[in-house]
Amino acid sequence: MNSPKQPLPTFDEVLLCTPQTSAEQVGLFLRRCLIPGGRGEKIYTMLYADELSYDVSCRAEELFQHLQRYSSTYRLIILCNCERDNSYLPSAFSHYKVHMIPQRSRAEIQQYLQHHFRVAQPSDSAASVFKEHMCVGIVSSKRAGMGK
């Protein structure tokens, strides 16, 4: 995010974890991150790793320990809910823990995201619904099930 020209992460750089995320999905992700090859300057990120089941977390840690021998130059970020840092994966990786403080202001982050999510040529697309022709948006309500 040092420059507006830097791209957003690609689909292969991010794993959004849920309780249903399988060990195979985590394994493929860790292999992309840790096996030397044409990685370039990618930064791999596991989001909500604390949501993984115990079995998947155990297998992920074992695979990480095994694959880590092949590369010492990987870039892996594991993000967890701070209220669930006692779950298996955050505990297993606690010696790597870094408390992060955003280095950019909220306005700068929003401007960067707007640069990447704005539709260049407004047309008859869903982007016309969102503020300033963004191709993504968040719709929320305090009342559940109200047709969002």
Take atom CD of Q114 as the centre, draw a 6.0 Å sphere, and report whether it contains more than 12 heavy atoms from other residues, nucleotides or ligands.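 Yes, enclosed.
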
Look at the side chain of [X] and the backbone N and O of [Y], then say whether any donor-acceptor pair between them is shorter than 3.5 Å.
{"X": "D50", "Y": "C80", "answer": "no"}
{"X": "R104", "Y": "I109", "answer": "no"}
{"X": "E51", "Y": "C17", "answer": "no"}

Grouping I, L, V, M, F, W and Y whenever their side-chain heavy atoms are under 4.5 Å apart, do [X] and [Y] come out in a common cluster?
{"X": "F93", "Y": "L15", "answer": "yes"}
{"X": "Y70", "Y": "F29", "answer": "yes"}
{"X": "I35", "Y": "Y44", "answer": "yes"}
{"X": "Y48", "Y": "L76", "answer": "no"}

Can you name the nearest heavy-atom pair linking [X] to [Y], along with the distance?
{"X": "K42", "Y": "R75", "value": "O-CD, 3.3 Å"}
{"X": "L89", "Y": "A49", "value": "CD2-CB, 3.8 Å"}
{"X": "S91", "Y": "S94", "value": "O-OG, 3.0 Å"}
{"X": "Q25", "Y": "T21", "value": "OE1-CA, 3.3 Å"}
{"X": "R32", "Y": "D12", "value": "NE-O, 3.1 Å"}

Spatial distance of atom [atom1] ([X]) from atom [atom2] ([Y]) [nearest 0.5 Å]:
{"X": "Q110", "Y": "E108", "atom1": "CD", "atom2": "CD", "value": "11.0 Å"}
{"X": "L47", "Y": "T18", "atom1": "CG", "atom2": "OG1", "value": "12.0 Å"}
{"X": "D55", "Y": "S22", "atom1": "CG", "atom2": "OG", "value": "12.5 Å"}

Single hit among V14, L52, L16 for side chain to side chain contact (heavy atoms under 4.5 Å, CB included) with M46: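 Of the listed options, the one satisfying the test is L52.
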
Tell me which donor-acceptor pairs under 3.5 Å the side chains of residues 56-69 have, and how far apart each pair is, sequence neighbours excluded?
residue, atom, partner, partner atom, Å
S57, OG, S53, O, 2.9
E61, OE1, Y88, OH, 2.3
Q68, NE2, Y74, OH, 3.0
Q68, NE2, Y96, OH, 3.4

